[in-house]
Amino acid sequence: MLYYLFRYLDQFGVTGSHIWGYISFRALLALILSLVISIYFGKWAINELRKKQITETARKNSIDPFGLKKAGTPSMGGVIIIISILVPVLLLGRMRNIYLLLMIITTVWLGVLGGLDDYIKIFRHKKDGLRGKFKIIGQVGLGLIVGLVLWASPDAKINENIAIERQGMETVVKHRSEPSKSLKTTIPFVKGHNLDYSRVVGFMGEHSTAAGWVLFVIMTIFVVTAVSNGANLNDGMDGMCAGNSAIIGVALGIFAYVSSHIEFASYLNIMYIPGSQELVVFMCAFIGALIGFLWFNSYPAQVFMGDTGSLTIGGIIAVCAIIIHKELMLPILCGVFFVESLSVMMQVAYYKRGKKHGRKQRIFKRAPLHDHFRMEEEKLESDCHYLITKPKDVFTESKITIRFWIISIILAAMTIITLKIR
């Protein structure tokens, strides 16, 4: 809104109005504004949540090994994150941009889905919340919308990096002169750096392009579902999910910026994506909202984000990566989410193998993985065999959380480095 206002005023020579055309100015302003909103709005929201008794009930008997009670802490704090993202984006973003509209739809869609899940847990007193099949339907529905819009929209185009030339001591990457629809995506550690979905289904012959788009939509659905669930599983300790997601957001913001700048795209030998600069504004608002939320969510937490926040955060990360054609880098960038999800799947599969020598079987002391490090050995079930019991020590939540943040920083750096390792 403000973007269009000041661009209009710039036509009349109003001093300073031209700076609203700079993406760096609007992005940093979005970060600051979202940070301020999340802190000031967050304090009011926490008091309101407490008054309305919208508090943690699923773990009413939960106490961490160091005596901190979780019961009674306000939940559904994801509303703080959502409001802190949407307000700066609506004020500072170019609302005619298809990518920005998709990010707004993602935020609202998964915010509502997560809100329903939290509502059922808190007010209907059902520990499992929204039925898993309905949650999956919501995630698949969003993935379908995103995939189909990117397929059908005439604005969702890229300039492919098609040729590499040596000019003296320098390597120059050439892009197509005109943007076009493309099924290519960035793949790490490969010289050509691109994977074409239509070539994956090349056996379809003349129908390979159509089949490639179908594969792309299926991949979009899978990525949205997997990353949103991974973020949801990671939200088990104070500050854990918010901190990891902010770090991931920084990396995606960098990718979005270099993808929107043809010179940087040429230097890094990646696709040039016109219009993706608006994602930088969104991701800066995303980062600011999460950092502001950490003001209250850091150990000991004054509020939990609930599924309202975690599902939304995961969806935002997934859709942003898909838009900038970096979805195949998510296993590295979102390595913490991936390992958390994998630990749960491994734990369940191993447990379902049944008893061995009359004893139940588990791999970890607890799953997701972060809970493994705070489970006291004295509380392990005596009739259960644990494959991994180390470390023997029990760590505080803050130590586990910060160590996971450090791992996320390393993974984010590795993901960016992959652009130059081929």
Side-chain angles (χ1 to χ4, degrees), residues 1-8 20-21 23 26-27 29-31 33-34 37 78-79 81-115 138-159 179-182 185 213 216-217 219-221 223-225 227-228 249 252-253 255-257 259-260 271-289 308-309 311-327:
M1 295 179 185
L2 291 178
Y3 168 81
Y4 293 105
L5 172 62
F6 282 97
R7 292 293 285 178
Y8 176 75
W20 290 81
I23 193 66
R26 289 190 290 123
L29 191 59
L31 188 149
L33 185 57
S34 62
I37 291 172
V79 173
I81 298 172
I82 293 171
I83 296 297
S84 301
I85 293 173
L86 291 180
V87 172
V89 168
L90 293 174
L91 287 175
L92 304 172
R94 292 177 59 190
M95 301 310 298
R96 296 176 184 175
N97 183 281
I98 186 62
Y99 302 136
L100 193 64
L101 290 175
L102 279 177
M103 296 305 295
I104 293 171
I105 290 169
T106 297
T107 304
V108 175
W109 184 289
L110 289 178
V112 171
L113 184 67
Q139 293 167 324
V140 169
L142 175 65
L144 189 62
I145 290 171
V146 172
L148 291 176
V149 168
L150 292 176
W151 178 359
S153 174
D155 296 327
K157 295 181 179 180
I158 68 170
N159 293 59
S180 61
K181 305 294 289 186
S182 177
T185 188
W213 278 110
F216 169 75
V217 173
M219 176 62 76
T220 300
I221 292 170
V223 170
V224 170
T225 305
V227 179
S228 58
L252 287 175
F255 282 141
Y257 184 73
S259 296
S260 69
M271 289 167 276
Y272 167 55
I273 309 174
S276 63
Q277 64 271 15
E278 293 305 311
L279 293 178
V280 182
V281 176
F282 188 96
M283 294 312 296
C284 280
F286 176 72
I287 295 162
T308 308
L311 288 178
T312 304
I313 285 171
I316 287 171
I317 290 170
V319 174
C320 181
I322 291 164
I323 289 173
I324 59 177
H325 299 261
K326 300 294 182 289
E327 66 272 16

Evaluation steps, side-chain contact (heavy atoms from CB on, under 4.5 Å), between Arg26 and Glu278:
CA-CA 9 Å; Arg26 289 190 290 123; Glu278 293 305 311; 2.8 Å; yes
As a quick check of understanding, evaluate side-chain contact (heavy atoms from CB on, under 4.5 Å) for Phe286 and Ile317, giving each step before the final call.
CA-CA 10 Å; Phe286 176 72; Ile317 290 170; 4.1 Å; yes
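- Considering every non-hydrogen atom in both Asn159 and Pro274, the closest pair reads OD1-CG, 3.5 Å.
- Taking all atoms of both residues into account, the shortest heavy-atom contact from Leu150 to Tyr99 is CD2-CE2, 4.0 Å.
- In terms of modelled atom types and a separation under 3.5 Å, the side chain of Lys326 and the main chain of Cys320 share no donor-acceptor contact.
- Put simply, the side chain of Leu252 does not reach to within 4.5 Å of the side chain of Ile316, judged on heavy atoms.
- Taking all atoms of both residues into account, the shortest heavy-atom contact from Val280 to Ala27 is CG1-CB, 3.8 Å.
- Here Leu148 contributes atom CG and Ser153 contributes atom OG; the two are 12.0 Å apart, rounded to the nearest 0.5 Å.
- The shortest side-chain heavy-atom distance between Leu91 and Leu33 falls under the 4.5 Å cut-off.
- For the pair Thr106 (side chain) and Gly315 (backbone), a donor-acceptor distance under 3.5 Å is absent.
- Taken from CG in Leu110 to CD1 in Ile82, the straight-line distance is 8.5 Å, to the nearest 0.5 Å.
- Just one of Ser259, Ser182, Ser260 meets the side-chain contact (heavy atoms from CB on, under 4.5 Å) condition when paired with Ile273; it is Ser259.
- Taking CG of Leu31 as the start and CG of Leu92 as the end, the distance is 11.0 Å to the nearest 0.5 Å.
- In this structure, the separation between OG1 on Thr185 and CE on Met219 is 8.5 Å, given to the nearest 0.5 Å.
- Proximity of a side-chain donor or acceptor of Tyr4 to a complementary backbone N or O of Met95 within less than 3.5 Å is detected.
- Looking at Gln277, its side chain does come within 3.5 Å of a backbone N or O of Gly275 through a donor-acceptor pair.
- For the side-chain contact (heavy atoms from CB on, under 4.5 Å) test, residues two or more places apart in sequence or in another chain that qualify with Ser228 are Gln139, Leu311.
- Trp109 pairs by the ring-ring contact (aromatic ring centres under 6.0 Å, His included) definition with nothing, not counting sequence neighbours.
- For the pair Val281/Ile23, a side-chain contact is recorded, criterion being any heavy-atom separation below 4.5 Å from C-beta on.
- Annotation for Val79 and Thr308: closest pair N-CG2, 3.9 Å, computed over non-hydrogen atoms.
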Verdict with reasoning, Leu2 to Leu5, per side-chain contact (heavy atoms from CB on, under 4.5 Å)
CA-CA 5 Å; Leu2 291 178; Leu5 172 62; 4.3 Å; yes
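- A side-chain donor-acceptor contact under 3.5 Å links Lys181 to the backbone of Trp151.
- Rounding to the nearest 0.5 Å places OG of Ser276 at 9.5 Å from CD1 of Ile323.
- Expressed to the nearest 0.5 Å, how far CZ of Phe282 lies from CD1 of Ile104 amounts to 7.0 Å.
- Between Ser84 and Ala289, the closest heavy-atom pair is CB-CB, 3.6 Å.
- When all heavy atoms of Ala285 and Pro88 are compared, the pair lying nearest together is CB-CB, 4.3 Å.
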